[in-house]
Amino acid sequence: VEQRSAHALLGVDSAAKLTLKSVQKLAITGQETVAVDATAKLAMSGAQAELEGKTTLALRSNGTAELTGMTVALEGKTQLSAEAPITSVGKNMTSVKGQIVEVSGAMVKLG
């Protein structure tokens with residue numbers, strides 16, 4: 001492992017495996033942008049995991065994006081939209097409820 005420092009720059013380079021480990025809290029902070037980039041696979045895990053965007057949170061995939069869990073809850077404080085050329089909702093039992101429920105389309109099939 002090589003460490004370089006020149007005034008406000010510190011770099012750590014490794015030609016082999018590099019492991020950072022802490023028995024207590026480990027924090028990574030940056031006053032500006034913090035970037036994590038993996039050429040092959042990025043894996044993060046924890047007993048409890050949280051990802052927060054203070055103003056915006058954007059999750060993107062050029063392939064398939066999946067959100068799975070035993071129970072999944074989506075909540076919009078003002079609005080929640082799901083949009084795609086083909087949209088499927090439900091499997092064995094699906095409930096739609098609200099004070100006003102609108103179903104519209106060029107062709108609507110119920111039942």
Side-chain angles (χ1 to χ4, degrees):
V1 175
E2 174 189 338
Q3 295 182 359
R4 295 174 283 142
S5 180
H7 303 288
L9 173 66
L10 172 63
V12 177
D13 294 318
S14 174
K17 180 180 176 181
L18 175 64
T19 301
L20 298 175
K21 184 176 181 179
S22 175
V23 176
Q24 296 183 9
K25 181 180 176 180
L26 173 64
I28 299 172
T29 58
Q31 293 295 319
E32 295 182 17
T33 301
V34 175
V36 177
D37 184 29
T39 302
K41 180 180 179 179
L42 174 64
M44 296 187 292
S45 67
Q48 296 179 350
E50 181 178 314
L51 179 60
E52 177 183 353
K54 298 286 185 189
T55 57
T56 301
L57 176 62
L59 303 173
R60 293 182 188 88
S61 172
N62 289 333
T64 301
E66 296 180 7
L67 173 63
T68 59
M70 291 297 291
T71 300
V72 177
L74 300 176
E75 177 184 347
K77 296 294 182 187
T78 58
Q79 183 176 347
L80 175 66
S81 299
E83 186 176 315
I86 299 172
T87 306
S88 300
V89 177
K91 188 173 181 179
N92 295 332
M93 180 180 162
T94 304
S95 298
V96 177
K97 54 184 165 182
Q99 290 184 0
I100 299 172
V101 177
E102 178 181 332
V103 177
S104 64
M107 183 179 108
V108 176
K109 180 180 176 185
L110 301 173

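Residue numbers run from 1 in the order of the sequence given. Computed from a predicted model, the values in this text were never measured in an experiment.
Between K109 and G111 the shortest heavy-atom distance is CE-O, 4.1 Å. Taking every heavy atom of both residues into account, S14 and L18 meet most closely at CB-CB, 4.1 Å.
A donor-acceptor contact under 3.5 angstrom links the side chains of S81 and Q79, judged on distance only.
More than 12 non-hydrogen atoms from other residues, nucleotides or ligands lie less than 6.0 angstrom from CG of L57.
Distance CD/E66 to OG1/T64: 6.0 Å, rounded to 0.5 Å. To the nearest 0.5 angstrom, L59 atom CG is 6.5 Å from L51 atom CG. Atom CG of L42 and atom CG of D37 lie 8.5 Å apart (nearest 0.5 Å).
If you chain together hydrophobic residues whose side chains sit under 4.5 Å apart, L80 and L67 fall into the same group.
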